[in-house]
Amino acid sequence: MNDNESTNNSNGLLERLQPHDRERLGEAIRRLMAHGSILGLEPSQTDLYHWCYQNRPWVDEFANLLDLKLHWEHQDRTVQAVPQSSAFLLRLKLDATLVLLTLWYEFDTAIRDRGETPPVRLTAQQLNDSLAAKFEPLKKFQPSPTRLREILSLAQRKNLLRFTPDAALERSVIEIFPTLKRVIPFQSIEEWNKNAERYLAAAKEAGTETAVLSEDS
């Protein structure tokens, strides 16, 4: 018997699942790896989210094999994968780090201080104004309009926000999702301030990079 025949005749773990379930499980893991989460409130992901929730033990078990911890928020119809290994960390340039830190701050203050509900909306102009105010000493590292589009598009691919571009960038709309709070897991503004200072000091010494965002691809 050759290797192919042995593989075809084996009664592997996945063979115990129905074909539809195997397909769904594979789709879920691929999306979690590529985008970091499954957003059940998005029409294109609703069915997949509900399948995952109904079969949570399977999804948890397979994610665990990849050293991913899943966080389930059924009220928001979200399952998010947070890497437990440094191998899955994405190294971001300082300008991207500044943008994500600013988005975290805007999300946190909107929820805690103003009682808003997610997603938190702001324009690209409001983001730029906040970025300039919070990180004025690092003005030379703040992104150009083209670079800002790239950063926001990356964050959208990772399901951290929804970016609706406009011909005039300053009018573009950004909707920040709660998933951002897990890739930058500060518990308070005070912790944000302390960590922001540490990240920025390290970034100035190193030059260009700091680890912020979980990479799932």
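Bear in mind the structure is a predicted one, so any value in this text is a computation, not a measurement. Residue numbers count from 1 along this sequence.
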Has the side chain of [X] got a donor or acceptor atom that lies under 3.5 Å from a matching backbone atom of [Y]?
| X | Y | value |
| --- | --- | --- |
| Thr46 | Gly40 | yes |
| Gln80 | Thr179 | yes |
| Trp104 | Ile184 | yes |
| Trp192 | Leu101 | yes |
| Gln156 | Phe163 | yes |
| Asn159 | Gly36 | no |
| Ser172 | Asp166 | yes |
| Gln142 | Asn128 | no |
| Gln126 | Thr123 | yes |
| Glu175 | Val120 | no |

- Can you list the steps and then say if Asn193 with Glu197 is a side-chain hydrogen bond (donor to acceptor under 3.5 Å, both in side chains)? CA-CA 6 Å; Asn193 287 326; Glu197 291 173 3; over 6 Å; no
- Is the count of non-hydrogen atoms from other residues, nucleotides or ligands lying under 6.0 Å from Arg121 atom CZ greater than 12?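 12 or below, so no.
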Kindly compute the distance separating [atom1] ([X]) from [atom2] ([Y]), expressed to the nearest 0.5 Å.
| X | Y | atom1 | atom2 | value |
| --- | --- | --- | --- | --- |
| Glu190 | Lys194 | CD | NZ | 8.0 Å |
| Glu191 | Ser188 | CD | OG | 5.5 Å |
| Gln125 | Arg171 | CD | CZ | 11.0 Å |
| Asp108 | Leu103 | CG | CG | 12.5 Å |
| Ser153 | Lys158 | OG | NZ | 13.5 Å |
| Asp129 | Glu170 | CG | CD | 10.5 Å |

- Item | From CA spacing to verdict: side chain to side chain contact (heavy atoms under 4.5 Å, CB included), Arg147, Ile151 | CA-CA 6 Å; Arg147 175 63 178 151; Ile151 294 168; 3.8 Å; yes
Would you kindly confirm whether [X] and [Y] end up in one hydrophobic cluster when ILVMFWY residues are joined by side chain heavy atoms under 4.5 Å apart?
| X | Y | result |
| --- | --- | --- |
| Leu152 | Phe107 | yes |
| Leu17 | Leu48 | yes |
| Leu98 | Leu180 | yes |
| Ile189 | Phe135 | yes |
| Leu154 | Leu131 | yes |

- Query: Going through the checks in order, is the side chain to side chain contact (heavy atoms under 4.5 Å, CB included) test met by Val59 and Trp72?
  - Reply: CA-CA 11 Å; Val59 184; Trp72 301 80; 4.3 Å; yes
Nearest heavy-atom neighbours spanning [X] and [Y]:
| X | Y | answer |
| --- | --- | --- |
| Leu127 | Thr102 | CD1-CG2, 3.7 Å |
| Leu161 | Ala155 | CD2-CB, 3.6 Å |
| Phe186 | Lys181 | O-NZ, 4.3 Å |
| Asp76 | Pro178 | OD2-CG, 4.4 Å |
| Gln45 | Ser37 | OE1-O, 4.3 Å |
| Ala63 | Ile29 | N-CD1, 4.2 Å |

- Item | Test item: side-chain donor near acceptor, Glu106 and Ser130, under 3.5 Å |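 Result is yes, a qualifying pair exists.
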- Message: Any donor-acceptor pair under 3.5 Å linking the side-chain atoms of Trp58 with those of Asp21?
- Response: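 No, no side-chain donor-acceptor pair sits under 3.5 Å.
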- Message: Looking at Asp60 and Lys69, is any side-chain nitrogen of the basic one under 4.0 Å from a carboxylate oxygen of the acidic one?
- Response: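 No, no charged N to carboxylate O under 4.0 Å.
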Check whether any side-chain heavy atom of [X] lies under 4.5 Å from a side-chain heavy atom of [Y], and answer yes or no.
| X | Y | value |
| --- | --- | --- |
| Leu70 | Leu32 | yes |
| Pro165 | Val173 | no |
| Thr78 | Ile38 | no |
| His71 | Val79 | no |
| Ile176 | Pro119 | no |

- Message: Between Leu160 and Val183, is the side chain to side chain contact (heavy atoms under 4.5 Å, CB included) condition met? List the steps.
- Response: CA-CA 9 Å; Leu160 304 181; Val183 297; 4.0 Å; yes
- Task: Just do the side chain to side chain contact (heavy atoms under 4.5 Å, CB included) check on Val82 and Leu68 with the steps written out, would you?
- Result: CA-CA 6 Å; Val82 177; Leu68 299 173; over 6 Å; no
- Check whether NZ of the Lys or CZ of the Arg Lys134 lies under 6.0 Å from the centre of the six-membered ring of Tyr105 and within 45 degrees of that ring's axis.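 Geometry flag: set, cation within 6.0 Å and 45°.
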- Query: Hey, mind stepping through Glu27 and Arg24 against salt bridge (Lys or Arg N to Asp or Glu O under 4.0 Å) and telling me if it holds?
  - Reply: CA-CA 5 Å; Glu27 182 182 356; Arg24 278 303 205 186; 3.0 Å; yes
- Message: Quick check on side-chain hydrogen bond (donor to acceptor under 3.5 Å, both in side chains): which of Arg77, His74, Glu42 does Tyr49 satisfy it with?
- Response: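 With Tyr49 as partner, side-chain hydrogen bond (donor to acceptor under 3.5 Å, both in side chains) holds for just one option, His74.
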